[in-house]
Amino acid sequence: MLHLRLLFPLLFLVLPVQAETLREAAGGKLLIGCAIATRDLDDPELTNLITQQFNCITPEYEMMPEKLVDDHGKFTFDTADRVVGFAEKNKMPVIGHMLVWHFITRKWLFESPDGKPLPREKALENLKTYIDTVVGHYKGRIKAWDVVNEAISDKDGEYLKDTPALRAIGPDYIEKAFQFAQAADPQAALYYNDYNIEQPGKLDRTLKLIHSLREKGVKIDAVGIQGHWLLDWPPAGMIGKGVEALSAAGVKVMITEMDIDPLPRDSSGADMSQSEKGANPYPETLPSEMQEKLAKRYGEIVSELVRHPAVTMIGFWGTHDGRSWLNDYPVKSRTNHPLLFDRKLQPKPALDAVIKALALPKEGRSPNRPSP
Ligand code: XIL
């Protein structure tokens with residue numbers, strides 16, 4: 001009996017111990033992020049979950065231009081400051097989301113009140129003022145900025161989306177935004193962030209953008225693949241190939257907004273100009289066979305991602321199913337179940353699958369992963 005009792009602690013030394021949280025499983029090698037809103041900070045159970053599971057924060061909505069500046073150019077940082085303060089208190093780096101996007105913005109940045117594009121010089125001045133003020137406010141406190149969000153066209157044969165910034169400034173609004181951001185906080189890493197850019201077509205256009213920034217000497221550190229994926233699209237191998245191609249262009253790759261939509265829908269990606277009508281098949285809970293499918297899919301994708309040294313961050317777009325934007329996109333008012341925790345903050349089988357994939361045996365990981 002005595003020798004068994006002596007043996008027991010030794011077993012922990014020889015048997016691998018399964019990590020219990022995402023951040024433990026990532027083992028300091030990867031940033032594991034989540035998007036949060038200020039109201040999440042009022043729920044102690046949720047803040048506990050956030051600090052136990054994740055090691056990096058993205059403000060989900062609080063840093064969008066619509067939140068930071070009003071129609072008259074007055075800036076307010078109160079709510080965004082609360083998120084940043086929470087992250088700092090818990091020593092979690094913050095990814096600033098985002099500086100330029102054609103959704104959830106302020107029209108005056110690039111358009112006159114009658115909807116016409118502003119003269120280029122005026123639009124550039126506005127862009128610079130906005131970036132100087134926001135990036136300047138957080139100088140030294142934000143690890144990285146999504147400088148430009150969703151600028152690349154979804155259509156083959158068209159390079160950039162036709163947006164107010166493009167109409168007012170021209171295609172170089174992207175490099176200007178990166179240059180203004182670099183000048184405002186030279187230490188912050190700078191990302192280009194978009195959906196479906198791991199997929200053929202949009203991938204080529206993204207590579208074109210990276211090469212053109214690089215040729216002009218514009219600093220770009222990483223590309224953020226948003227990672228709003230479906231149960232059956234895109235294949236994990238396609239994601240891996242996309243990551244390889246992006247990293248071969250000389251950037252790190254972040255998965256910035258990961259979720260997997262288990263509900264039926266027509267479109268893939270995250271084009272917020274589109275909406276759909278559709279069924280709400282699981283208004284209470286996700287049935288166990290669907291939970292298993294979701295878990296398998298999460299496991300396959302994360303196993304693929306951790307094989308690539310260029311991937312230094314995986315962030316989830318929300319914390320639990322009740323706090324996912326997919327409850328309203330692309331179909332309004334559904335009960336969606338895309339994340340790793342359910343509405344009661346309980347772990348789903350998908351959490352276990354991701355933890356196992358993150359903790360893949362050493363040989364599945366590259367020793368050359370740069371620090372995030
Ligand atoms: C969504 C947020 O989750 C919502 O709270 C907000 O109302 C709209 O935007 N791609 C992005 C994110 O880059 O900013 C979007 O987030 C989801 C799609």
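Owing to the predicted nature of the structure, the values given are computational and were not obtained by experimental measurement. First listed ligand is number 1; within each ligand, the first listed atom is number 1. Just so you know, these numbers use all the heavy atoms, side chains as well, and skip hydrogens, waters and symmetry mates.
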**Q** Do we see a donor-acceptor contact under 3.5 Å between the side chains of E257 and H228?
**A**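 Checked: E257/H228 side chains pair up, N/O donor to acceptor below 3.5 Å.
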**Q** Cationic tip of K356 within the cone over Y298's six-membered ring, i.e. under 6.0 Å and within 45° of the normal?
**A**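 No; the conditions do not both hold, so K356 does not lie above the ring face of Y298.
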**Q** Using a cut-off of 6.0 Å, state whether more than 12 heavy atoms not belonging to E284 lie near its atom CD.
**A**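 For E284, atom CD is not crowded (no more than 12 foreign heavy atoms under 6.0 Å).
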**Q** Do any nitrogen or oxygen atoms of Y61 come within less than 3.5 Å of a nitrogen or oxygen of ligand 1?
**A**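 Y61 vs ligand 1: no N/O contact under 3.5 Å.
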**Q** Please state which protein non-hydrogen atom is closest to atom 11 (C) of ligand 1 and give its distance, to 0.1 Å?
**A**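 It is E257 OE1, 3.0 Å.
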**Q** Can you sort out which atoms of ligand 1 are near Q226, meaning under 4.0 Å from one of its heavy atoms?
**A**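 Going through ligand 1 atom by atom, the ones under 4.0 Å from Q226 are 10 (N), 11 (C), 13 (O).
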**Q** Could you tell me which atoms of ligand 1, counted from 1 in the order shown, lie closer than 4.0 angstrom to a heavy atom of W101?
**A**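 Under 4.0 Å from W101, ligand 1 has these atoms: 14 (O).
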**Q** Under a 4.0 angstrom heavy-atom cut-off, which atoms of ligand 1 come close to H97?
**A**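 Near H97, the atoms of ligand 1 are 11 (C), 12 (C), 13 (O), 14 (O).
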**Q** Distance to 0.1 Å, residue and atom name: give those for the protein heavy atom nearest to atom 3 (O) of ligand 1.
**A**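 Protein heavy atom at minimum distance: E60 OE2, 2.5 Å.
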**Q** Look at atom 7 (O) of ligand 1 and say which protein heavy atom is nearest, naming residue and atom and giving the distance to 0.1 Å.
**A**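 That would be I104 CD1, 4.0 Å.
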**Q** Closest non-hydrogen protein atom to atom 15 (C) of ligand 1, residue and atom name please, with distance?
**A**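 Answer, as residue, atom name and distance: W317 NE1, 3.8 Å.
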**Q** Look at E62 together with R82 and state whether they make a salt bridge at an N to O cut-off of under 4.0 Å.
**A**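 R82 and E62: not salt-bridged.
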**Q** Do N193 and T256 have side-chain atoms, one donor and one acceptor, less than 3.5 Å apart?
**A**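 There is such a pair (donor and acceptor under 3.5 Å, judged by atom type) between the side chains of N193 and T256.
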**Q** I'd like to know if Y329 contacts ligand 1, where contact means a heavy-atom distance under 4.0 Å to any ligand atom.
**A**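 The answer is no, since Y329 has no heavy atom less than 4.0 Å from ligand 1.
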**Q** Taking K252 for the side chain and Y191 for the main chain, is one N or O donor matched with an acceptor at less than 3.5 Å?
**A**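 No, K252 side chain to Y191 backbone: no donor-acceptor pair under 3.5 Å.
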**Q** Is K219 atom NZ crowded by more than 12 heavy atoms from other residues, nucleotides or ligands, each under 6.0 Å away?
**A**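 Counting other residues, nucleotides and ligands, NZ of K219 exceeds 12 neighbours.
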**Q** For E150, counting its heavy atoms only, list the atoms of ligand 1 lying under 4.0 Å from any of them.
**A**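 Those of ligand 1 that fall under 4.0 Å from E150 are 10 (N), 11 (C), 13 (O).
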**Q** Taking only heavy atoms of M64 into account, list the atoms of ligand 1 that are under 4.0 Å away from them.
**A**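 Contacts of ligand 1 toward M64, numbered from 1: 9 (O), 14 (O).
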**Q** Closer than 4.0 angstrom, basic N to acidic O: yes or no for E300 and K296?
**A**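 The answer is yes: the pair qualifies as a salt bridge.
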